[in-house]
Visitor: 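Pasting a structure here, questions to come.
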Protein chains: 2
Amino acid sequence: MATRQKTSRKAAAAIRRPRARAINGAAHAGDDIGLDALVGHAGYAVRRFQLWIFQDFIKTLATVDIRPTQYSVMTVIGANPGLSQMAVAKRLGIERARLVHLLDSLEERDLVSRIPSATDRRSHALHLTARGKTALAQFKRLAAEHERHVADKIGKDNRERLLQILACFT
Amino acid sequence: MATRQKTSRKAAAAIRRPRARAINGAAHAGDDIGLDALVGHAGYAVRRFQLWIFQDFIKTLATVDIRPTQYSVMTVIGANPGLSQMAVAKRLGIERARLVHLLDSLEERDLVSRIPSATDRRSHALHLTARGKTALAQFKRLAAEHERHVADKIGKDNRERLLQILACFT
DNA sequence: GAAAGATTGTTGTTGACGACAACAATTGAT
DNA sequence: ATCAATTGTTGTCGTCAACAACAATCTTTC
């Protein structure tokens, strides 16, 4: 049953129907579906949580069209002007190849500028533009609003605890 | 500075070099790069953590070639035989379109089988094969080993707290 | 019981993202 | 002067989420 064409479902149904009832288990009508070992796995919970948190971030900052990764890049550059692309990539744990496209889009929107380094002609010194600085201030306000959504979802003190537990990854 | 060709870096360096020194900030030699507002964002910490945890899961289960999503699908099917693809997708929060390819690969490996539903000829009743059941038992042992890695990384009680905080997402 | 609307599995596309490999330009070490 | 390492860039590959369309089928409604 590797590949299935347009007519495969009908054919399979006709062939295997007689056996189906004996094999099928309970109907599982509603939401009584157990997760078994999955509930004890941190990775599963974290995946679901990250999905929720990123969607809320994107929605909350939809008016300014900024995604989480773009926000992290601008924040780090704003706090450390003159960083090289390599330094930003290493600090944020993203590939330097990926940062190229991120900076391309941010530079097109006049939020970030690549300035040739004075000491190393291979590297670029990254800076926020004037427009980027005022924009980042607004992004931070919206991001703070998103963070309040997180606190509303999991509880204010739970959020604090979470940040403390995961501090070793930042 | 939207597009850059092969020669753009050299040209830009030559043109802008005189201004560079005055504009560049401190050199940021080592690892004293601040994250500014990023440290207060749960999403950033969660993203870094999920990256780490998924990589460890993949590495720990590399010998059996099972990824986190595949493991979650097999676990849910194993605990609830006869589920439809729609039910599995909804329970795990993945798109039913995505589940198609996931099940295709698992079916090719003879771990899962799609059996035509007796009551609804549109849907498939999902079951583990005999081979899939014994394989899942081994996957669970390896996943438990991965979970111990998590506990080693963030602490045993911190892991418990994390699972408790994020329980509302599972 | 026939028409209309909803559901299920499937296919396809799009875009963000991580990983990897190659390359030119440049730097630093020998 | 030469050789290895670094930096930015380009490209490809595979995973993943989101969305749209479609045929087959079920359910509702008249």
Side-chain angles (χ1 to χ4, degrees), chain A residues 1-14 17 47-48 50-55 57-59 65-73 83-90 92-105 107 114-126, chain B residues 1 3-14 17 47-48 50-55 57-59 65-70 72-73 83-90 92-105 107 114-126:
Chain A
M1 192 78 72
T3 59
R4 53 203 76 259
Q5 298 85 346
K6 278 283 171 66
T7 60
S8 67
R9 289 178 56 204
K10 203 179 193 173
R17 185 119 47 99
R47 170 182 161 266
R48 298 296 298 257
Q50 151 141 19
L51 220 57
W52 181 90
I53 212 170
F54 266 51
Q55 282 173 349
F57 187 99
I58 294 172
K59 198 195 313 175
D65 191 27
I66 286 290
R67 315 191 95 262
T69 313
Q70 296 174 315
Y71 176 76
S72 70
V73 169
L83 282 187
S84 69
Q85 298 185 192
M86 190 63 199
V88 171
K90 200 178 298 183
L92 290 178
I94 59 187
E95 296 241 347
R96 64 187 203 275
R98 166 132 187 70
L99 193 56
V100 173
H101 302 295
L102 283 168
L103 289 174
D104 283 349
S105 75
E107 214 173 20
R114 289 188 248 224
I115 298 176
S117 167
T119 59
D120 190 336
R121 281 167 52 189
R122 293 171 302 179
S123 66
H124 296 156
L126 302 174
Chain B
M1 190 82 69
T3 60
R4 56 200 74 257
Q5 298 84 347
K6 279 283 174 64
T7 60
S8 66
R9 289 178 58 205
K10 202 178 189 176
R17 185 117 48 98
R47 169 183 161 266
R48 299 295 298 258
Q50 151 140 18
L51 221 56
W52 181 90
I53 211 170
F54 266 50
Q55 281 173 347
F57 187 99
I58 294 171
K59 198 195 312 176
D65 192 26
I66 285 290
R67 316 191 91 256
T69 313
Q70 295 174 316
S72 69
V73 169
L83 282 186
S84 69
Q85 297 185 194
M86 189 65 199
V88 171
K90 202 180 295 182
L92 290 178
I94 59 185
E95 296 241 347
R96 65 186 201 274
R98 168 136 183 67
L99 192 56
V100 173
H101 302 296
L102 283 169
L103 289 175
D104 282 350
S105 75
E107 216 175 19
R114 288 188 251 223
I115 298 176
S117 167
T119 58
D120 189 337
R121 282 168 49 191
R122 294 170 302 179
S123 66
H124 296 156
L126 301 176

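Here is the naming used below: chain letters follow the sequence lines, and residue numbers restart at 1 for every chain.
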Visitor: Is any side-chain nitrogen or oxygen of A:Arg114 closer than 4.0 Å to OP1 or OP2 of D:dT9?
Guide: yes

Visitor: To the nearest 0.5 angstrom, please state how far the OG atom of A:Ser117 sits from the CG atom of A:Leu83.
Guide: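 Going from the OG atom of A:Ser117 to the CG atom of A:Leu83 covers 11.5 Å.
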
Visitor: What's the spacing between A:Leu126 CG and A:Ile115 CD1 if we round to 0.5 Å?
Guide: 9.0 Å

Visitor: Could you tell me if the side chain of B:Ile94 sits less than 4.5 Å from the side chain of B:Leu102, heavy atoms only?
Guide: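 In contact.
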
Visitor: Just how far, in rounded Å, is P of D:dG8 from CD of A:Glu107?
Guide: 13 Å

Visitor: Output the distance between atom CZ (B:Arg96) and atom CG (B:Leu99), rounded to the nearest 0.5 Å.
Guide: 10.5 Å

Visitor: Hey, is the side chain of A:Gln85 poking within less than 4.0 Å of OP1 or OP2 on D:dT6, counting only N and O atoms?
Guide: no

Visitor: Distance check needed: C:dA16 C1' versus A:Phe57 CZ, whole Å only.
Guide: 14 Å

Visitor: Say you draw a straight line from CD1 of A:Ile58 to CD1 of A:Ile53; how long is it, rounded to the nearest 0.5 Å?
Guide: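 Interatomic distance, A:Ile58 CD1 to A:Ile53 CD1, rounded to 0.5 Å: 11.5 Å.
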
Visitor: Whole-Å distance between D:dG8 P and A:Asp104 CG?
Guide: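 That distance rounds to 13 Å.
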
Visitor: Please report, rounded to the nearest Å, how far the P atom of C:dG28 is from the CZ atom of A:Arg121.
Guide: 12 Å

Visitor: What's the NE2-P distance between A:His124 and C:dA24, to the nearest Å?
Guide: 18 Å

Visitor: Can you sort out the partners of A:Gln85 under side-chain hydrogen bond (donor to acceptor under 3.5 Å, both in side chains), two or more places apart, ordered by chain and number?
Guide: A:Arg114, A:His124

Visitor: What's the separation between atom OG1 in B:Thr69 and atom CZ in B:Phe54, rounded to the nearest 0.5 Å?
Guide: 5.5 Å

Visitor: Measure CG/A:Leu92 against C1'/C:dC17 and give the value in whole Å, please.
Guide: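 The distance from CG of A:Leu92 to C1' of C:dC17 comes to 14 Å, rounded to the nearest Å.
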
Visitor: Let me know, please, whether A:Lys90 or A:Arg47 comes out on the 5' side of the other along DNA chain D by nearest nucleotide.
Guide: A:Lys90

Visitor: What N/O pairs connect the protein and nucleotides 19-22 of chain C at under 3.5 Å? Give each pair on its own line.
Guide:
{"residue": "C:dA19", "atom": "OP1", "partner": "B:Gln55", "partner atom": "NE2", "Å": "2.1"}

Visitor: Want to settle it: does A:Asp120 or A:Gln70 sit nearer the 5' end of DNA chain C, counting the closest nucleotide to each?
Guide: A:Gln70

Visitor: Whole angstroms only, please: what is the CD1-P distance between A:Ile115 and D:dT7?
Guide: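 It works out to 19 Å between those atoms.
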
Visitor: Could you list all N or O pairs between the protein and nucleotides 2-7 of chain C that sit under 3.5 Å apart?
Guide:
{"residue": "C:dT7", "atom": "O2", "partner": "B:Arg122", "partner atom": "NH1", "Å": "2.5"}

Visitor: Got a donor-acceptor contact below 3.5 angstrom from the B:Arg48 side chain to the A:Leu92 backbone?
Guide: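 Present.
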
Visitor: Side chains of B:Arg47 and A:Pro68, heavy atoms from C-beta outward: is any pair under 4.5 Å?
Guide: no

Visitor: Within this structure, what is the CG-to-C1' distance between B:Leu102 and C:dT10, rounded to whole angstrom?
Guide: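 Value for this atom pair: 14 Å.
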
Visitor: Would you indicate which nucleotide in C:dT27, D:dC16, C:dG9 comes nearest to any side-chain atom of B:Thr69?
Guide: D:dC16

